Amino acid sequence: MKRRLITSALPYVNNVPHLGNLIQVLSADVFARFCRLRGYETLYVCGTDEYGTATETKALEEKVSPRELCDRFYEIHRDIYEWFEISFDTFGRTSTPEHTEITQSIFFDLDKNGYISSQSIDQLYCDTCGRFLADRYVRGTCPYCGYEGARGDQCEMCGKLLDPMELLSPKCISCGGTPRPRSTKHLYLDLPAILPKLEAWMKEASVRGFWANNAIQMTQAWIRDGLHPRAITRDLKWGIPVPKEGFKDKVFYVWFDAPIGYISMTARLAKEKGFDWKSWWQKPDEVELFQFIGKDNIPFHTVIFPSSLLGTGKNWTMLHHMSSTEYLNYEAGKFSKSKGIGVFGNDAMNTGIPADIWRFYIFWNRPETSDYTFTWTDFQEKVNGELIGNLGNLVNRTLTFISRYYSGIIPEGTPDMAFWKEVADREQEASELLERADLRDAFRTIFSIADLANKRFQYEEPWKARIDNPQKASSLMRDLCYVLKDLAIMTYPYMPSTAKRLASFLGIEIGQGKLGWADLGLKGEFQRIKKHEVLFNKLEDELIASLRVQYSGSQKEREEKEEQNRKNEGKLPASIEKNQNNRFDQIIDLRVARIIKIERHPKADKLYIETLDDGSGSERVIISGLVPFYREDELLGKNIVLVNNLKPAKLRGIESAGMLLAASTKSLEGNEIVEVLTAPNAKPGERVLLEGSSIENLEETISKENIDIETFLTIPLYAKDGYAWSEGQRLMVRGEPIRLEKVMDGKIG
RNA sequence: GGCGGGAUAGCUCAGUUGGCAGAGCAAGCGGCUCAUAUCCGCUGGGUCGUGGGUUCAAUCCCCUCUCCCGCUACCA
């Protein structure tokens, strides 16, 4: 029986985990608890991933050291996981001496074996601080709007995305000095060179370790699309120093050191407890490594980390089973930290709903094969229906019955072997599923045993039988007590507190040295019920309704939801159309502009760089992917339709301040036809409006803010009958509709 | 545009050596009453996204298309 080394994805330190993030940690916890109960020697390792730009920047903003910031967030994480009763053997962190030591030694081995190369790139360097500056560490004057405090990656005033190199009079934000461009060298992990080893390993390991389907697919896609050398160093302070001549002022890139955290956290625990970490991590014949992650993390665990280990030439304990889940979504959309959407760990704690209820819901619906949507209604239904209605009710009705009619003494009787055969079959099935870390199916199988018991309770009608046929009723109640014992054991990995309470009702205990997986079935003797009470209280409508409001998205989204509801009720389609037009008016600012200069993008095949006269007096540059469809001279001098308030974006290193509109369709032969919208009779700067709009009220309603491309794309624009349309109205300039010649019908974008 | 994933009952989702399509919840009906208005039984409900192909037989295998989600890009 191999020992089991279990890890869950290391949470990045400066975020508070939400329910979606918690799935990994909880999943590994269930698996670890199961393994211990079944007698496997088990080690569950997790901890915070702390190094990197994000932490360093946030610390700088809050004027604390990265260490202090991490200390604070480490506690937040630890408290949340503690509340959820995660049974880590260790919950460590990556900012430890052990981590540095092991990361560096892995690097030494890789370097020694020739898997490390180097390459130079240009970045801003601050002489005073003596270091290269990450994008966000530079501020200067925005070359577009003149704002003096623009950040290196984006100007907060005009919203333009920037390259730190284009800032006028750039300043280092920590010392105020003037940085200058300087070439810097970085180290690369030569993944292509390790590929043969990786492929050989992956081919076998994925089958033997019955990886989740998404892990196999994604890994194969990565390998198929070609691996490139990956930079493993960064010009930062908050990280592990690179122990190589010429790179001493650099640190390792987080993705390189983070997975090594699994190892170093084990090493730190080993030091405390007095064992050798290598007895876990360099014993592939004795140890199986199970890793629990989300699908976004797959390539790091199946390609990059294994490559790092294989490249050392040492005999590492490699990934055995990959349990990678899909996403948990929230109500209408996604869980999102930045937008504050969803239920976070601390929210769950504040609801007053016990951890085991959350654990129940997470596992009942664990997104194993496809995304799953958390809704409050669903939460309430599943908890009240399954957890309370099925399991809770079985416990309560059984124990109440025994205490009322048998004075709490568990009656003698003869087991119903047909019933126990069925129970044993399902227990066997659940065990097998758990061995494969199919946590959801195993959980549901366990509940099906409670369901079976409820059915028998109902069918045998002990409330009648205890008078007509006392022997039958006694035997039934005795069997049910044994079922409750089994349920207590089997639900222990999933809902430890609840399982312990249930066990205590029966006067038994679960855990190491107590009852475990081997005690399933008709084993042990019962005397009497110690006590009993309801396991959970129902989730009331009022509570759920108030939580839904409390944790719903932004105000704006709530309004949209209401609008959706109105739409579903099928009210007043006319007014909705009107709404859409208002939306068009409020969001999009279209202007005529003349192309006064056009050239090819030096680093792209399909892109033109167009300089425009947009009537504002100053020139404006946009990029368009029109090379396959137009020659330069066909476009030069044309009056095009410009999206005036689109957020700028970089294309192949050059910024585009807006976009022109073009219609496209497919010819009968399947070739793409593209036609730029033009307004030959208009002047640059003139507004393009929807038919029927008057310019006076539009000037008032138009948003001054730039919109992003996603927002823009929510406005339907299309070509029909040789005109450009939006929501049933034509686009007009100077009172004339915009005409198309080549693309009579098609999309506009 | 590329890659990946999805589309199955009103809702959330299962469904692999291809064989008349499933669960739970919701809806309707009936029963029981030990139990937290719970539990048990029955019923209704789906052209398995579109159009082709392979096959005696396709939700499943192959191709086309449409729509949705994620990532990504020389979309802007």
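These figures come from a predicted structure and were not determined experimentally. Residue numbers start from 1 in every chain, and the chains themselves are labelled A, B, ... in the order their sequence lines are given, proteins ahead of strands.
Residues Glu386(A) and Arg444(A) are not paired through a salt bridge, judged by the lack of any N-O separation under 4.0 Å between the basic side chain and the carboxylate. The pair Arg436(A)-Glu432(A) fails the salt-bridge criterion, with no side-chain N (NZ, NE, NH1 or NH2) lying under 4.0 Å from an Asp/Glu carboxylate O. With salt bridges taken as basic N to acidic carboxylate O contacts below 4.0 Å, one links Asp479(A) and Arg456(A).
Taking atom C1' on both rC48(B) and rA23(B), the two are 15 Å apart, rounded to the nearest angstrom. Between rG46(B) and rU8(B), the distance separating the two C1' atoms is 8 Å to the nearest Å. Nucleotides rA58(B) and rG1(B), compared at atom C1', are 32 Å apart to the nearest Å. To the nearest whole angstrom, the two C1' atoms, one in rG53(B) and one in rU64(B), are 10 Å apart. Separating the P atom of rG41(B) from that of rG4(B) is a span of 45 Å, rounded to the nearest Å. rG45(B) and rA57(B) are spaced 26 Å apart, taking the C1' atom of each and rounding to whole Å. Annotation: rG49(B) and rC60(B) have their P atoms spaced 8 Å apart (nearest Å). Rounded to a whole angstrom, the distance from the P atom of rC71(B) to that of rC29(B) is 47 Å.
Nucleic acid contact for Ile623(A): sugar-phosphate only, since backbone atoms but no base atoms lie under 4.0 Å from a heavy atom of the residue. Within the nucleic acid shown, Lys538(A) comes within 4.0 Å of at least one base atom, counting heavy atoms only. Arg444(A) comes within contact range of no nucleotide atom at all, as no heavy-atom separation falls under 4.0 Å. Residue contacts shown for Thr377(A) are absent, as no nucleic acid heavy atom lies under 4.0 Å away.
When distances run from any side-chain atom of Arg397(A) to the nucleotides rU36(B), rC74(B), rA35(B), the shortest one goes to rA35(B).
Taken residue by residue, residues 458-481 of chain A places heavy atoms nearer than 4.0 Å to RNA chain B at Gln458(A), Trp463(A), Lys464(A).
Classification of the Phe443(A)-Phe363(A) ring pair by plane angle, with boundaries at 30° and 60°, yields perpendicular. Under the 30°/60° scheme for interplanar angles, the aromatic rings of Trp358(A) and Phe379(A) are found to lie parallel.
The closest side-chain donor-acceptor pair between Asn645(A) and Asp589(A), if any, does not fall under 3.5 angstrom.
Interface remark: the Asp605(A) side chain does form a donor-acceptor pair with the rC74(B) base, using a distance-only criterion of under 3.5 Å.
Side-chain contact check for Met202(A) versus Thr302(A): every heavy-atom pair is 4.5 Å or farther apart.
Rounded to a whole Å, the CG atom of Asp441(A) is 12 Å from the C1' atom of rA23(B).
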